[in-house]
Peer 1: 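Following this message is one structure expressed as structure tokens.
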Amino acid sequence: MNPLLEAFWYILPAYFANSSPVVFKGKTPIDFGRNFVDGKRLLGDGKTWRGFFGGLTVGVLVSLIQYHALPSYYGSLNAALRLGFALSLGALLGDIIGSFVKRRANFPRGYPAIGLDQWGFLITALILAYPVRTLETGQVLFLLAVTPFIHWGANVLAYTLGWKSVPW
Ligand code: CTP
Ligand code: MG
């Protein structure tokens with residue numbers, strides 16, 4: 001496979017895990033409404049349990065579909081699911097860390113944090129997936145370059161479809 005196409009194929013579960021929580025419209029916040037020691041919300045109402053587990057499920061399902069589409073890339077279903085799980089969990093944890101940082105910086109829920117929103121989930125996904133399967137440095141740089149555009153495109157689409165109240 002072309003290395004750039006391979007990088008894109010590799011990261012797909014992370015993209016889906018990051019973008020799907022918005023359709024689950026969860027209620028119970030992961031922080032259960034609690035504040036951090038600074039008196040501000042730990043994560044805020046935009047990070048819910050339903051969104052987290054929904055995103056994780058969608059990400060793993062994507063890797064299941066990927067395995068059936070291209071089994072030779074993974075070798076085994078187990079390898080595909082482990083990569084999908086690591087990428088999805090990493091993407092969702094990165095998103096949560098991002099919200100933690102945003103609340104400390106007084107950004108209200110939904111306020112765009114340029115850089116953090118586009119790269120945070122990608123970097124944590126790559127870190128968690130690293131022990132499972134690695135990419136070449138050039139492929140990682142390619143993903144760092146294209147992900148902001150894909151992230152914006154996905155958010156504009158979610159806004160257009162009425163899933164999100166803001167197009168970022
Ligand atoms: N969402 C969720 N659970 C998650 C992540 C996202 O329920 N773990 C839903 C929320 O309804 C959230 C929407 O998806 O409002 C969009 O996600 P995101 O842009 O990541 O959250 P923000 O609303 O921007 O909140 P924050 O400022 O904390 O990033
Ligand atoms: Mg947001």
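What you see below is based on every heavy atom in this structure, not just the backbone, and it leaves out hydrogens, waters and symmetry mates. As the structure lists them, so they are numbered: ligands from 1, and atoms in each ligand from 1. Model, not experiment: these values are computed from the prediction.
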Peer 1: Taking both backbone and side-chain atoms of W168, is any N or O found less than 3.5 Å from an N or O belonging to ligand 1?
Peer 2: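 Among all N and O atoms of W168, none is under 3.5 Å from an N or O of ligand 1.
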
Peer 1: Sub-3.5 Å donor-acceptor pair from the side chain of Q66 to the main-chain atoms of W9, do we have one?
Peer 2: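 Checked: pair present.
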
Peer 1: Would you indicate whether F85, at its atom CZ, is surrounded by more than 12 heavy atoms from other residues, nucleotides or ligands within a distance under 6.0 Å?
Peer 2: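 No - once you tally the heavy atoms of other residues, nucleotides and ligands closer than 6.0 Å, there are 12 at most.
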
Peer 1: Under 3.5 Å between any N/O of D117 and any N/O of ligand 1: does that happen in this structure?
Peer 2: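 Not met; the criterion fails.
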
Peer 1: Should you measure from each heavy atom of R103, which atoms of ligand 1 turn up under 4.0 Å away?
Peer 2: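 Listed by number with element: 26 (P), 27 (O), 28 (O).
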
Peer 1: Give the residue, atom name and distance (to 0.1 Å) of the protein heavy atom nearest atom 16 (C) of ligand 1.
Peer 2: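 Here the closest protein heavy atom is K164 NZ, 3.9 Å.
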
Peer 1: Among all protein heavy atoms, pick out the one at the shortest distance from atom 11 (O) of ligand 1; state its residue, atom name and that distance to 0.1 Å.
Peer 2: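 The answer is R109 NH2, 3.3 Å.
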
Peer 1: Pick whichever of K47, R41, K27, K25 has a heavy atom sitting closest to atom 20 (O) of ligand 1.
Peer 2: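 Of the listed residues, K47 has the closest heavy atom.
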
Peer 1: Does ligand 1 have any atom sitting under 4.0 Å from a heavy atom of F52?
Peer 2: yes

Peer 1: Using non-hydrogen atoms of the residue, decide whether R50 is closer than 4.0 angstrom to ligand 1.
Peer 2: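 Judged by the 4.0 Å heavy-atom criterion, R50 does not count as contacting ligand 1.
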
Peer 1: Does some side-chain heavy atom of F24 sit less than 4.5 Å from a side-chain heavy atom of W49?
Peer 2: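 A side-chain contact is absent here, since even the closest heavy-atom pair is not under 4.5 Å.
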
Peer 1: Do the side chains of K47 and D95 get nearer than 4.5 Å, heavy atoms only?
Peer 2: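 Side-chain contact under 4.5 Å: yes.
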
Peer 1: Please enumerate all residues that pass side chain to side chain donor-acceptor pair (under 3.5 Å) together with D45, with sequence neighbours excluded.
Peer 2: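 For D45, the residues satisfying side chain to side chain donor-acceptor pair (under 3.5 Å) (neighbours in sequence not counted) are R41.
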
Peer 1: When you measure from atom 1 (N) of ligand 1 to each heavy atom in G110, G51, G46, A158, which option holds the nearest one?
Peer 2: G46

Peer 1: If you look only at distance, which donor and acceptor atoms sit under 3.5 Å apart when one is on a side chain in residues 123-133 and the other is two or more places apart or in another chain?
Peer 2:
unit_1 : atom_1 : unit_2 : atom_2 : d
T124   : OG1    : G90    : O      : 2.7
T124   : OG1    : G94    : N      : 3.4
T124   : OG1    : G120   : O      : 3.0
T124   : OG1    : F121   : O      : 3.1
R133   : NH1    : Y73    : O      : 2.6
R133   : NH2    : Y73    : O      : 3.4

Peer 1: So for ligand 1, is Y111 a polar contact partner (N or O within less than 3.5 Å, distance only)?
Peer 2: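 No, since none of the N or O atoms of Y111 sits under 3.5 Å from an N or O of ligand 1.
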
Peer 1: Which is it for D95 and ligand 1 at heavy atoms under 4.0 Å: side chain, backbone, both or neither?
Peer 2: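 For D95, the contact with ligand 1 is made by the side chain alone.
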
Peer 1: Tell me the protein heavy atom at minimum distance from atom 14 (O) of ligand 1, and give that distance in Å.
Peer 2: V22 CA, 3.3 Å

Peer 1: In this structure, are over 12 heavy atoms from other groups packed under 6.0 Å from Y15 atom OH?
Peer 2: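 Check passes, neighbour count above 12.
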
Peer 1: Provide, to 0.1 Å, the distance between atom 7 (O) of ligand 1 and the closest protein heavy atom, together with that atom's residue and name.
Peer 2: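 Residue, atom and distance for the closest contact: T48 OG1, 2.6 Å.
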
Peer 1: Between L87 and A14, what is the shortest heavy-atom contact and its length?
Peer 2: O-CB, 3.9 Å

Peer 1: Checking the side chain of K25 only, and the main-chain atoms of W163 only, is there a donor and an acceptor separated by less than 3.5 Å?
Peer 2: yes

Peer 1: Show the atoms of ligand 1 that are less than 4.0 angstrom away from any heavy atom in S99.
Peer 2: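 With S99 as reference, the close atoms of ligand 1 come out as 26 (P), 28 (O), 29 (O).
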
Peer 1: Counting heavy atoms only, which part of K102 comes closer than 4.0 Å to ligand 1: side chain, backbone, both or neither?
Peer 2: side chain

Peer 1: So, are D117 and K102 salt-bridged, with charged N and O less than 4.0 Å apart?
Peer 2: yes

